[in-house]
Number of protein chains: 2
Amino acid sequence: MEKMNNKNKIFIDKLRSSGLRPTKQRVEISKFLFNRKKTFHFTVEELKNSMNLKRSKKISTATFYNTVHALKSAGHLKEFSLENNTSYYDTNITSHHHFFDNGKVIDIKSDKITFHKLPDAPKGKKIKNVEVVIRLENNNQ
Amino acid sequence: MEKMNNKNKIFIDKLRSSGLRPTKQRVEISKFLFNRKKTFHFTVEELKNSMNLKRSKKISTATFYNTVHALKSAGHLKEFSLENNTSYYDTNITSHHHFFDNGKVIDIKSDKITFHKLPDAPKGKKIKNVEVVIRLENNNQ
DNA sequence: AACTACTTTATAATAGTTCTAAACTAAGTG
DNA sequence: CACTTAGTTTAGAACTATTATAAAGTAGTT
């Protein structure tokens, strides 16, 4: 990348350290995803639409999918699913939990939920992680 | 239904009590789903393939989708999602939890997991349910 | 038996995602 | 700095799960 200003260096390093070539597109997508204070939940289509809206030269759909998959494989994004057959991604890769409120997702910090009892893993298996979904509904009156 | 033998009566009643006309197709699908000892996890495509394999007169794809949706709306099936953009259904409609082991799903009885600490619902919301997913991996010593 | 509302069906349509192969580009080499 | 090459981007086709359409069929009532 010819233009490597300081603003981008952190994202370039992040990509490079994951074995991903820091192309123009990947750097811009990384900046969009990770240059924010709060956790970001998104689908690939949402990401594409919001980024391309502001751009004259659009990034292709395939690149959004490729990049999100690469970032996920590198451990920079977490995938999760709702009941609508669409993949959601979460920039918060630490182990944590979620409220699901009619398609809206809210993070719950890991330490907000603790267990009194948990089952053992079946023979030959071990527990990779434990994630809780708390489904919400409106509190009518 | 002209042929209403005792074997089918229970499924016919189940459909009728949910406001669903007990058509030939619905009764057969219900029997296939609910006439078993253990909980059954499936996708609509899996259900279609395994039922139609044995049949000379196939049930159409649309009917499988319609019936599964109707049974879900009536509260006889529960839907859940894995990370592959496909809807899974569970004949165990009681509140319970799951092991996910590389696409394989195993039920965990509700009382096998208890909480020590749980967050409050956000203002104006209340908790509808709490479900835990325990992801497994192989125990390579 | 006749009527009607609900159901099934084949098929088309849609949404999200992955594949393909050609054009492009980052990064190393001399 | 050209040159090379392996990795990347791209448009578009293909694919998979699912939903919509509208015509034909059927359950349940009269």
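On a predicted model such as this, the values are computed, not experimentally measured, just so you know. Here is the naming used below: chain letters follow the sequence lines, and residue numbers restart at 1 for every chain.
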* A:Pro22 side chain: which of C:dT8, C:dA26, C:dA5 is closest? -> C:dA26
* **Candidates C:dT8, C:dT9, D:dT9 - which lies nearest the side chain of A:Thr63** => D:dT9
* **Phosphate contact (D:dG7 OP1 or OP2) by A:Thr23 side-chain N/O below 4.0 Å** => no
* Structure fact -> To the nearest angstrom, the CD-C1' distance between A:Glu28 and D:dT10 comes to 16 Å
* Any residue meeting ring pair (Phe, Tyr, Trp, His ring centres under 6.0 Å) with B:Tyr88, in chain and number order, not counting sequence neighbours -> B:Phe80
* Structure fact -> Contact string for nucleotides 16-22 of chain D, one letter per nucleotide 5' to 3', B = base within protein heavy-atom range under 4.0 Å, S = sugar-phosphate only, - = neither, reads -SBBB--
* Asked: Is B:Lys125 atom NZ crowded by more than 12 heavy atoms from other residues, nucleotides or ligands, each under 6.0 Å away?
  -> yes
* **C:dT25 phosphate, OP1 or OP2, under 4.0 Å from A:Arg21 side-chain N/O** => no
* Side-chain N or O of B:Lys57 closer than 4.0 Å to phosphate OP1/OP2 of C:dT9 -> yes
* Heavy-atom neighbours of A:Lys109 NZ exceed 12 at 6.0 Å -> no
* Are B:Glu28 and B:Lys57 within salt-bridge range, i.e. N to O under 4.0 Å? -> no
* To do: Could you tell me the separation between the CD1 atom of A:Ile29 and the C1' atom of D:dT9, rounded to a whole number of Å?
  => 11 Å
* Asked: Can you name the nearest heavy-atom pair linking A:Ser87 to A:Glu79, along with the distance?
  -> OG-OE2, 2.7 Å
* Judged by atom type as modelled, is there a donor-acceptor pair below 3.5 Å linking the side chain of A:Ser81 to the main-chain atoms of B:Leu82? -> yes
* Let me know the distance between CZ of A:Arg16 and P of D:dG7, rounded to the nearest Å. => 15 Å
* Taking CD from B:Glu83 and P from C:dG16, how many angstroms apart are they, rounded to a whole number? -> 18 Å
* Asked: Does D:dG7 have OP1 or OP2 sitting under 4.0 Å from an N or O in the side chain of A:Arg26?
  -> no
* Find the distance A:Met51:CE to D:dT9:C1' and express it as a whole number of Å. => 14 Å
* To do: Quickly work out the A:Lys48 NZ to C:dA15 P distance and round it to whole Å.
  => 12 Å
* Value in whole Å for how far the P atom of C:dT25 lies from CD1 of A:Ile59 -> 14 Å
* Sequence neighbours excluded, which residues qualify as side chain to side chain donor-acceptor pair (under 3.5 Å) partners of A:Ser50? -> none
* Among D:dT10, D:dG28, C:dT9, find the nucleotide with the atom closest to the side chain of B:Gln25. => C:dT9
* What is the distance from NZ of B:Lys24 to P of D:dG25, rounded to the nearest Å? -> 12 Å
